[in-house]
There are 2 protein chains.
Amino acid sequence: MSEDRVDSGRAGANLGAVRSHNSALVLDLLRRAGTEGVSRLELAERTGLTPQAVSKITGRLREAGLAAEAGRRASTGGKPRTVLRLVPEAGHAVGVQLDRDALRVVLVRLDGAVVGERCGELDLGAGAEAVLGVVVEAVTGLVRSCLGPFGELAEVGSLLGVGVALPGPLDHVRGVLHRVTGFPEWDGFPLRDALRGRLGVPVVVDKDTNAAAVGLAVGGAGGSFAYLHLGTGLGAGLVIGGRVHRGARTGAGEFGHQVVQLDGPRCECGDRGCLEALCLAAVARGEVEAAARVLGVGAGNLVGLLDIDRVLLGGRTVLADPGPFVRGVAAQLAARARREGLREGIAVEVVRQGERVVARGAAEMVLGAGVFARGEA
Amino acid sequence: MSEDRVDSGRAGANLGAVRSHNSALVLDLLRRAGTEGVSRLELAERTGLTPQAVSKITGRLREAGLAAEAGRRASTGGKPRTVLRLVPEAGHAVGVQLDRDALRVVLVRLDGAVVGERCGELDLGAGAEAVLGVVVEAVTGLVRSCLGPFGELAEVGSLLGVGVALPGPLDHVRGVLHRVTGFPEWDGFPLRDALRGRLGVPVVVDKDTNAAAVGLAVGGAGGSFAYLHLGTGLGAGLVIGGRVHRGARTGAGEFGHQVVQLDGPRCECGDRGCLEALCLAAVARGEVEAAARVLGVGAGNLVGLLDIDRVLLGGRTVLADPGPFVRGVAAQLAARARREGLREGIAVEVVRQGERVVARGAAEMVLGAGVFARGEA
DNA sequence: CCACTTTCGCAACGCTGTTGCCAAAGTGCA
DNA sequence: TGCACTTTGGCAACAGCGTTGCGAAAGTGG
């Protein structure tokens with residue numbers, strides 16, 4: 001997540017990069033360990049660093065207030081290991097999910113736990129000014145109710161930033177929307193800078209599917225998976241090698257507009273036989289099993305192309321009745337695996353966080369990127 | 001390519017890793033510079049390292065015999081820049097392409113230039129012993145004719161290893177074949193170890209499409225692209241962020257068996273409506289334009305999913321008559337781009353090296369992995 | 001011929017993780 | 001209760017990375 005300094009593009013590595021890389025690594029392991037904590041020696045084993053190096057790194061993290069000692073393990077015949085734990089209150093992030101008709105805002109701690117939430121209605125068509133007002137109102141209100149009184153949001157020391165997730169293609173790097181289907185007034189709107197200006201804290205913007213993928217990747221042990229989101233549309237967030245794949249123009253994940261039926265029915269995108277059109281039409285007809293089968297075909301195409309570890313399902317339509325979707329997709333993947341001579345298909349699951357997965361992931365984008373900027377101090 | 005030490009999995013970085021990383025980086029830039037060479041300051045700019053660091057690194061490379069000074073640039077008002085160039089003869093690698101009915105062996109230098117080639121017929125069904133014999137014979141014969149007399153292959157100091165590329169699913173990490181369609185006797189054959197035993201030099205094994213992708217990625221500036229190979233089958237090699245994506249079980253790139261026609265005609269894989277079946281059927285009927293259109297649909301699905309930079313076409317069928325394929329695929333991608341509101345589709349090209357692309361890429365796999373092992377000494 | 005620009009190496013430096021060593025804190029047996 | 005042993009983890013010295021400061025080398029241009 002945060003080791004971009006070492007290998008982004010083809011950049012040279014210096015000692016600062018090594019420190020960033022290793023500190024981020026340790027911090028990530030600490031986050032995964034959660035309440036249980038990890039010992040220094042375990043960290044050394046998992047990172048491949050020497051115990052002494054881990055001691056130095058964790059020492060820096062403790063000094064920065066990000067980690068703390070928390071009890072000790074049972075002895076195995078010698079001095080018991082000291083358990084290190086993340087200090088969850090040392091950092092917070094806000095995650096915002098904007099949908100066509102709804103708004104969800106969560107406040108999460110450094111350890112990923114949700115400590116506050118607000119949901120409400122939203123009319124994306126009401127114009128940028130109105131929508132921004134609602135978002136600013138919801139974010140400041142939520143933070144105020146959870147983290148006490150303050151004047152400006154920037155005064156909340158532990159607040160690392162705000163992550164915003166919304167549907168439709170956008171430029172993740174610059175935080176500019178390309179277009180939001182059905183709402184042409186958002187075309188080219190610089191959402192990140194606008195929000196950053198009104199909130200006064202760092203803002204990150206990404207597609208909803210990518211945000212969810214970021215959230216689900218925490219604890220994913222560097223694996224690869226796809227998050228398939230079936231709601232008002234159908235998209236995918238791809239995690240490859242523990243990192244979200246956004247592509248050259250941050251447009252990756254157009255899963256719903258893959259063609260699975262040459263010369264099939266017209267899709268609103270203008271093409272024919274798109275997966276999204278077929279799948280949603282089946283849902284509309286009440287034929288969930290057929291929808292699941294079509295979704296499974298698309299998932300199979302994706303799995304064949306990328307050979308990922310597992311498939312996660314989410315989004316309003318799936319969550320309303322998960323069983324048939326999981327079974328349908330799993331069946332398709334199992335059949336594909338059999339044809340390839342493998343024993344079993346790859347795992348298919350429904351996301352555990354349910355409706356929250358996107359908002360939580362949006363917050364996680366901030367934690368993944370921002371925690372370490374403080375740890376460096 | 002070779003910076004795995006720094007970020008493979010989630011490994012900690014130490015000083016050795018930094019040196020490896022940076023040396024590999026510089027070496028890679030030197031290889032791309034080719035005959036023209038690069039100056040130290042250019043290397044510094046591109047890596048982000050200080051000129052002094054580059055001087056130290058190139059000093060080590062020169063001492064190892066991998067690089068040398070080669071003239072100077074025109075002065076711009078001060079001391080002219082000294083040009084550094086790779087010493088092409090410092091390293092060689094053999095690339096082997098095994099196809100169902102043909103064998104191609106190339107010997108390439110460190111700079112990627114092909115200095116020797118052998119082609120011949122092959123019967124993959126003749127059994128492992130016979131095929132291995134033919135390969136060993138061809139490899140030693142070629143190296144002997146190019147690099148002078150020797151007893152064992154391992155005595156050729158500049159020979160870094162042999163890369164082998166062949167169709168069908170296999171385990172790249174362990175060098176074991178899964179199965180070669182139509183030749184069940186190869187199921188589970190440990191090709192890498194068998195060849196390594198008989199040749200006495202390091203051997204790397206990979207799918208033909210991945211090998212081609214490796215070769216094409218050299219000089220690719222860290223971008224992402226897909227190599228689509230249409231020959232007796234249809235597969236893809238994916239390069240994401242300058243690195244070949246092989247997936248969890250090194251099975252990525254199953255491009256030909258994506259379903260694009262629900263309930264379409266049966267494919268020999270057992271599924272229905274596979275791209276490969278439809279595309280090859282059209283070719284068999286002589287309808288090249290239709291084949292290209294179908295291929296373009298598949299390419300569009302891939303581009304939408306991964307948002308890559310460009311698409312490269314190769315393989316016997318494409319090379320026999322490239323025009324219609326390039327036009328057909330480009331048309332599909334342009335249409336997709338228009339639907340997404342982009343000005344133009346992504347670039348579609350035929351691979352320049354033609355029939356050699358796979359064998360060259362196989363050799364490149366060795367250079368990418370092996371050069372640096374020597375540079376460290 | 002001299003001033004200026006630009007390249008590039010030497011030496012000292014700061015910082016990284018590593019190594020060698022020892023104190024601390026347990027277990028387990030006599 | 002005491003002693004031997006195991007295991008953890010900090011202190012200090014170290015090797016090696018890229019960086020900084022500075023000066024020599026090698027050109028151009030007036």
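Throughout, protein chains are lettered first and strands after them, A, B, ... in sequence-line order, and every chain is numbered starting at 1.
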Report summary line: Span of DNA chain D engaged by chain B, first through last nucleotide within the 4.0 Å heavy-atom cut-off, is D:dG16 to D:dT28

Requested in this report: Would you mind telling me which of B:V38, B:N22, B:T47 makes a side-chain contact (heavy atoms from CB on, under 4.5 Å) with B:V54?
Outcome: B:T47

Query raised in the report: Is the distance from OP1 or OP2 of C:dG9 to the nearest side-chain N or O of B:S55 less than 4.0 Å?
Result: yes

Query raised in the report: Which value, rounded to the nearest 0.5 Å, describes the distance between B:R32 atom CZ and B:L86 atom CG?
Result: 13.0 Å

Query raised in the report: Is the backbone N or O of B:V205 less than 3.5 Å from a side-chain atom of B:H172, with the two atoms forming a donor-acceptor pair by type?
Result: yes

Show me, pair by pair, the donor-acceptor contacts under 3.5 angstrom made by side chains of residues 66-81 of chain B, not counting sequence neighbours?
from: B:E69; atom 1: OE2; to: B:R40; atom 2: NH2; distance (Å): 3.0
from: B:E69; atom 1: OE2; to: B:R62; atom 2: NH1; distance (Å): 3.4
from: B:R73; atom 1: NE; to: B:E42; atom 2: OE2; distance (Å): 3.2
from: B:R73; atom 1: NH2; to: B:G37; atom 2: O; distance (Å): 3.4
from: B:R73; atom 1: NH2; to: B:E42; atom 2: OE1; distance (Å): 3.4
from: B:S75; atom 1: OG; to: B:G77; atom 2: N; distance (Å): 3.0
from: B:S75; atom 1: OG; to: B:G78; atom 2: N; distance (Å): 3.1
from: B:S75; atom 1: OG; to: B:G78; atom 2: O; distance (Å): 2.6

Report task. Identify, with sequence neighbours excluded, every residue that meets side chain to side chain donor-acceptor pair (under 3.5 Å) alongside B:R249. Result -> A:D307

Requested in this report: Determine: side-chain N/O of A:R73 to OP1/OP2 of C:dG26, distance under 4.0 Å, yes or no.
Outcome: no

Report summary line: When B:S75 and A:T76 are each assigned the nearest nucleotide of DNA chain D, the 5'-most assignment goes to A:T76

Requested in this report: Enumerate the residues from residues 77-85 of chain B whose closest heavy atom to DNA chain D is under 4.0 Å, giving them by residue number; use none for an empty result.
Outcome: B:G77, B:G78, B:K79, B:P80

Requested in this report: Using atom CD of B:E42 as one end and atom C1' of C:dC8 as the other, report the distance to the nearest whole Å.
Outcome: 15 Å

Query raised in the report: What residues, two or more places apart in sequence or in another chain, satisfy side chain to side chain donor-acceptor pair (under 3.5 Å) together with A:R85?
Result: none

Requested in this report: Ignoring hydrogens and angles, tell me if any N or O in the side chain of A:D309 forms a donor-acceptor pair with the backbone of A:S224 under 3.5 Å.
Outcome: yes

Report summary line: Expected string for nucleotides 10-20 of chain C under the B/S/- scheme (protein heavy atoms, under 4.0 Å, primed atoms plus P, OP1, OP2 as sugar-phosphate) is BB--BBBBBB-

Query raised in the report: Within the side chain of A:S23, is there an N or O that forms a donor-acceptor pair under 3.5 Å with the backbone of A:S20?
Result: no

Report task. Calculate, to the nearest 0.5 Å, the distance between atoms CD1 and CG belonging to A:I240 and A:L306 respectively. Result -> 5.0 Å

Query - Rounded distance (nearest 0.5 Å) linking atom NE2 of B:H245 with atom CD1 of A:I308 - result: 8.5 Å

Query raised in the report: Is the number of heavy atoms from other residues, nucleotides or ligands under 6.0 Å of A:E63 CD greater than 12?
Result: no

Query raised in the report: Please give, in whole Å, the distance from C:dT7 P to B:L43 CG?
Result: 13 Å

